[in-house]
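In what follows, chains carry the letters A, B, and so on, assigned in the order in which the sequence lines appear, proteins first and then strands, with residues in each chain numbered from 1.
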Amino acid sequence: MSAPTPVIEIKDLHKSYGSLEVLKGVDVSAHKGDVISLIGSSGSGKSTLLRCCNLLEDSQDGDIIFCGDPVKWRGTGLARKPADRKQIMAMRTNLAMVFQQFNLWAHLTILQNVMEAPVTVLGHDKAEVEDRARKLLAKVGIGDKCDVYPAQMSGGQQQRAAIARALAMEPQALLFDEPTSALDPELEQEVVKVIKDLAAEGRTMLLVTHDMAMARDVSDQVIFLHQGKIEEAGPPAELFNNPKSERLRQFLSAVAA
Amino acid sequence: MSAPTPVIEIKDLHKSYGSLEVLKGVDVSAHKGDVISLIGSSGSGKSTLLRCCNLLEDSQDGDIIFCGDPVKWRGTGLARKPADRKQIMAMRTNLAMVFQQFNLWAHLTILQNVMEAPVTVLGHDKAEVEDRARKLLAKVGIGDKCDVYPAQMSGGQQQRAAIARALAMEPQALLFDEPTSALDPELEQEVVKVIKDLAAEGRTMLLVTHDMAMARDVSDQVIFLHQGKIEEAGPPAELFNNPKSERLRQFLSAVAA
Amino acid sequence: MFSFCTDPSTLETAQWFACYLTTGKHQLFYWSFLTVLALLAITAPTALAFGFGGAIAARSNIPPVAWFGKGYIAIVRGVPDIAFFLFFVIALDQGFEWLRHQMLCPDWSEPIRQGNDFLVCPSAKLPLSNAPQWIHEVYGFFLAVLTFAIVFGAFAANVLFGAMRAIPRGQLEAAESYGMTPRQTFWRIIVPQMWVYALPGLSNLWMVLIKATPLLFLLGVEDIVYWARELGGTALERFSDYPHPDWRLWYFLALLIFYLAFTRVSEAVLRRINARLTRGQATIGGT
Amino acid sequence: SHAEVVRMGTEGAYAPWNFLDDNGEVAGFERELGDELCARAELTCEWVTNEWDSIIPNLVSGNYDTIIAGMSITDERDEVIDFTQAYTPPDPSAYLATSMDADITGGVVAAQTGTIQAGYLAEQGVTVLEFATPEDTIAAVRNGEADAVLADQSFLAPFAAENADLVMLEELVSLGGGVGMGVRESDGELKAKMDAAIQSMKDDGTLNELITKWEVSSTW
Amino acid sequence: MTCWETVQAYAFRSIGYGERLLPREDFTLCQHFTLIGSGMIWNVYFGVLALLAGFFLANAVALAKASRHAWVSKPADWFILIFRGSPLFIQFFLAYFLFLELKQAGYLPWLTSAWAGALIVLFLNTAAYSAEIFYGAYQSVPRGEIEAADAYGMTGWKRFRRIIWPTQMRLAWPAYTNEAIFLFHATALVFFSGFPASRQQGDALYYANYFADKTFNPFVPYPILAFYFILLTLVVIGLFGLANRRLNRHLPVVPKIRYRPQILR
Ligand SMILES: Nc1ncnc2c1ncn2[C@@H]1O[C@H](COP(=O)(O)OP(=O)(O)OP(=O)(O)O)[C@@H](O)[C@H]1O
Ligand SMILES: Nc1ncnc2c1ncn2[C@@H]1O[C@H](COP(=O)(O)OP(=O)(O)OP(=O)(O)O)[C@@H](O)[C@H]1O
Ligand SMILES: [Mg+2]
Ligand SMILES: [Mg+2]
């Protein structure tokens with residue numbers, strides 16, 4: 001029996017901002033139900049990797065394959081662009097993202113933020129989505145803030161709204177960029193629980209985090225990015241207990257302290 | 001011998017947004033060299049407390065006393081406003097803040113962001129400040145990003161720039177709002193070190209954090225805020241090992257997990 | 001102009017046009033382009049200064065100053081430029097003369113208003129009635145610039161006032177919390193950032209200003225549209241060596257091309273300024 | 001040279017009375033007349049052009065000293081400014097059309113905005129179409145927007161003479177009085193000097209010569 | 001004539017009702033106010049219709065200008081350039097000329113009348129100016145919010161309608177308010193230099209001009225005209241302000257200026 005196709009597969013991805021090369025050949029492969037954590041120091045390219053994965057950024061070389069369907073490109077190098085819009089849309093509706101800066105839509109209330117994409121993109125029934133959205137918001141603990149605008153919420157509340165927004169899409173795969181950075185340990189545990197539930201449902205997740213405990217707890221695989229390259233990757237137990245690379249050892253020593 | 005005057009003293013502070021009461025009588029007192037951590041769940045009013053302390057928000061009742069000098073008020077209730085501009089200015093130059101959303105000045109490069117206040121507010125010599133700014137940026141690990149605009153930096157890089165900007169003021173007291181939320185463990189350790197150094201220099205700090213390890217590590221006192229009130233306060237060893245209130249016990253249980 | 005222009009009625013077409021297009025009247029037409037460009041070049045910064053002053057006044061904490069600023073914006077912005085030009089220049093001119101009269105002729109006994117006449121002492125006249133014609137023209141030009149600047153300053157003030165308020169609150173809070181005085185916050189944070197928000201509005205205003213130059217003739221400055229109308233209108237044999245039917249269409253088309261080209265150039269310049277200003281801004285258009 | 005400078009305000013857009021010649025200088029009947037009057041009154045004259053709408057307000061405001069712009073002496077104007085004695089007899093108004101049988105009672109007649117002709121047409125109950133410039137009114141007749149145009153005869157005559165497609169109707173309308181030079185009411189001295197100069201030109205026949213030369217009206 | 005009679009005679013003179021002849025003596029303030037006010041009917045007519053229609057066209061043109069396809073963006077670009085790049089004076093002249101040609105060729109003869117011809121020119125003119133404003137606002141929409149829309153698979157029209165357009169309108173509104181004011185002011189040019197006035201039915205400036213011509217005193221009719229326009233502008237600002245409040249309802253209310261000078265203590 002051949003191995004099942006990965007949900008997200010990234011092959012030798014290269015990405016530069018002008019002359020600054022941020023990703024220097026990165027390979028990731030995530031199967032159904034996998035949770036893959038990306039760790040690494042600030043500026044190592046974690047957010048950029050997620051953003052490339054979602055095609056928010058154009059990459060210059062390498063492949064992005066979603067459910068066995070490689071993204072079609074037009075042009076090469078700095079001029080490389082995705083070629084097929086339909087494909088991108090299909091891909092994005094199945095791939096929800098939680099941004100590091102949340103990026104909530106400022107002109108919509110929290111409830112509207114959560115309902116927006118399911119209603120307008122997926123065409124789901126409004127009443128039904130509203131129901132689900134309220135439940136999701138209650139689940140992340142901001143059920144009382146439905147009719148509030150993002151600018152009137154605390155950092156952690158915004159972050160939770162952003163998570164609820166992603167969940168409302170019920171996507172095959174999720175991209176989380178530091179989803180607990182503004183959350184207290186209690187809420188963090190909630191989010192960990194949510195992530196585990198999602199994985200159990202068979203959803204695939206890429207997760208950028210600075211929280212090693214969380215990475216260890218939820219992931220099937222941990223990838224350590226260093227200066228745009230994968231320095232080391234493996235199951236959490238192995239990677240955290242037995243780091244092979246010098247750089248990772250040093251990085252982890254900080255956690256122990 | 002009487003006790004020395006606290007650097008920051010907050011007495012029975014009340015603050016509402018419209019009809020939503022966010023702070024319901026909070027007392028804090030921080031002496032020279034003290035590091036006081038504020039913990040609590042999202043939306044409990046931590047950021048609001050820091051912002052009131054710096055007079056960015058008007059509070060409705062209670063006192064804020066800086067170095068023995070109580071803020072003078074005009075009006076009462078929702079109309080209460082600080083009365084003396086000179087006093088506020090003097091206070092603010094001695095009280096630097098790192099914002100949860102960083103709030104770097106978008107039109108200035110990182111170096112300019114750091115130099116701005118020391119040069120224009122304190123009137124320090126430009127060349128000397130530039131020298132110091134570069135050193136600070138190098139210290140927080142973004143010495144190579146001096147001439148970059150905030151929008152072109154990763155989350156962690158922006159946060160470090162914001163920290164450097166606060167340090168450049170060499171203030172008596174600092175207010176940190178989740179200063180390590182976007183930082184990896186390694187950098188977090190750096191920041192912890194910086195905070196300890198600052199405390200050793202005799203600077204006073206109020207620190208909002210979700211990282212209990214950090215709170216335990218750096219603080220002289222930890223304050224647990226719950227729904228706008230201080231639920232429990234005390235030295236970290238005591239508070240973390242022997243939480244008295246039910247709510248705090250529950251909150252901390254998440255960390256242990 | 002050319003030596004062969006002595007008897008235009010005998011000339012062949014090319015020569016006729018060469019002579020026609022270089023008559024003294026046409027040269028005045030060409031000059032008027034320079035006048036208009038000079039007027040724009042002087043008016044734009046002046047109006048911007050008025051606008052800046054107006055915006056600052058409108059933001060002031062001192063109620064009378066704020067009222068003045070807001071009143072200036074509301075009233076001048078409310079009046080069509082054309083209606084303004086039809087009576088304001090005369091009033092402005094009389095105002096200046098009245099002031100000079102008060103200063104220079106304290107012992108003048110006759111009333112300034114005699115029936116319909118407005119009479120100041122001879123030494124208070126602006127310019128003096130025996131001044132050479134070019135001084136009169138420069139003074140007229142100055143009045144035109146001032147009137148334009150007052151009108152467009154009100155619009156600029158409105159744009160700048162809005163731009164100052166569009167700056168994200170976090171940016172101002174950061175400044176406040178570092179102990180910047182309101183003055184410092186204003187000059188160091190608001191003023192540098194407001195241009196990003198103000199530029200689209202100001203660009204539009206510049207375009208409107210360019211398009212308002214045909215009203216200059218109401219202010220006594222002979223602008224390009226005035227001359228195009230004058231030159232393009234039917235020239236009868238009796239009154240001109242170069243008779244021709246109603247050619248205004250051609251003259252206006254030429255002006256159209258001039259204005260379009262001028263707009264294009266302005267746009268290119270403004271785009272570059274905009275690119276410079278939006279550096280560091282995370283927007284669709286920013287870099 | 002003469003001590004006193006007199007600024008002469010005119011429109012420069014109403015041939016043959018006053019217009020700009022190919023060199024952009026003020027020319028026409030009133031230019032020659034004005035220069036002669038200044039010479040006789042021993043004044044130094046400067047010519048200024050001003051837009052018609054504000055020509056009187058600028059005079060009373062002191063921006064020039066006379067109006068010499070084909071201005072008929074009317075009671076309305078006389079209330080605001082003073083006029084010298086008329087230097088031409090009244091110039092009747094005439095119709096210009098594309099054919100002699102143009103309908104000037106039931107049809108559309110063009111006139112310049114705000115002129116006495118426009119007022120007269122409105123009074124007669126004719127459908128009047130008002131244009132901003134005299135040039136436009138003639139164009140309107142040519143392109144059929146109006147059946148005829150009503151304006152001063154002296155203004156229309158050259159057009160009819162030089163264009164085969166335009167004709168003057170025979171019907172004439174007397175509107176307004178003779179044309180005089182406008183001066184400020186407080187400027188009695190200047191008015192007196194100019195009155196004397198006009199009188200002397202009338203007396204020695206030079207004025208009639210000028211009128212005949214420029215065909216602005218009947219002679220004295 | 002009492003003032004009330006004057007109002008009855010002239011309040012609708014500009015659209016052909018009431019006294020046939022304009023006042024020829026007295027020229028009282030009441031006459032000034034009534035006739036100039038009557039003329040405002042035309043200014044409001046031109047302004048409101050051109051603004052409403054222009055708003056829709058402007059949105060379409062702005063969208064076209066932002067298009068990635070040159071064959072869509074280029075025509076939009078040219079349209080904006082031509083109407084935004086030339087004075088209304090010249091546009092009126094050329095349009096009137098064009099409409100005359102059409103009429104002589106037997107098409108659309110009513111275009112040479114101000115009510116239709118000038119309206120069309122004003123409509124296209126304001127559409128071009130507004131399109132440029134909307135396009136500029138589009139350029140300033142925060143990137144993060146667009147990225148979020150992209151990431152959720154919102155495509156062209158939906159993304160535009162739901163995310164970009166509301167933000168774009170909010171950003172464009174102050175400048176668009178200015179444009180609306182300019183448009184109302186521009187209506188004063190219709191009879192001043194563009195189209196002929198028939199049967200002495202004109203806009204406010206036409207009647208102000210009439211009075212100035214009769215009394216030779218510009219300091220009465222023009223300030224009255226100014227007064228009417230200030231009223232009109234205040235109404236425009238008021239209405240646009242209401243819309244603006246709605247567009248900005250998600251922003252926390254900015255507290256009033258915090259510091260008062262010491263003297264007021
Ligand atoms: N501008 C505002 N208008 C109305 N309510 C506000 C505003 N800012 C904050 N709040 C409310 O005040 C409460 C406290 O907010 P605050 O930012 O202090 O929380 P916090 O303790 O810092 O939370 P976090 O850890 O998530 O940052 C929240 O419920 C929030 O919704
Ligand atoms: N728009 C941009 N233009 C230029 N450089 C950029 C831009 N965005 C990011 N970078 C650079 O790319 C590098 C990687 O950024 P990225 O945001 O991927 O880091 P990260 O690993 O997510 O860091 P963090 O943990 O701090 O969020 C950084 O050095 C950053 O300065
Ligand atoms: Mg990141
Ligand atoms: Mg907070």
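Aromatic ring centroids of E:Tyr222 and E:Phe227 lie 6.0 Å or more apart.
Here E:Asn59 pairs with E:Trp165 under the side chain to side chain donor-acceptor pair (under 3.5 Å) rule; sequence neighbours left out. Shown here are the salt bridge (charged side-chain N to carboxylate O under 4.0 Å, His left out) partners of A:Asp84, two or more places apart in sequence or in another chain: A:Lys72. Under the ring-ring contact (aromatic ring centres under 6.0 Å, His included) criterion, A:Phe66 pairs with no residue at all, not counting sequence neighbours.
Contacts with chain E were tallied for A:Thr120, A:Val148, A:Ile88; A:Thr120 has the most, counting heavy-atom pairs under 4.5 Å. The candidate with the highest count of non-hydrogen atom pairs below 4.5 Å against chain E, out of A:Arg92, A:Met97, A:Gln112, is A:Arg92. When the candidates A:Met89, A:Gln101, A:Met91 are compared by the number of heavy-atom contacts under 4.5 Å with chain E, A:Met89 comes out ahead.
Contacts of residues 162-171 of chain A with chain E at a heavy-atom distance below 4.5 Å involve A:Ala162, A:Arg165, A:Ala166, A:Met169, listed in sequence order.
The neighbour count for E:Trp110 CH2, taken as heavy atoms of other residues, nucleotides or ligands under 6.0 Å away, is above 12.
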Stepwise side-chain hydrogen bond (donor to acceptor under 3.5 Å, both in side chains) check, A:Asp147 with A:Thr109: CA-CA 5 Å; A:Asp147 298 322; A:Thr109 64; 4.7 Å; no
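When heavy atoms are compared at a cutoff of 4.5 Å, A:Leu122 does not approach chain E at all.
Remark: side-chain polar atoms of E:Trp42 are paired, donor with acceptor, to backbone N or O of E:Ser14 under 3.5 angstrom.
Scanning both residues, A:Asp69 and A:Ile65, for their nearest heavy atoms gives N-CG2, 3.6 Å.
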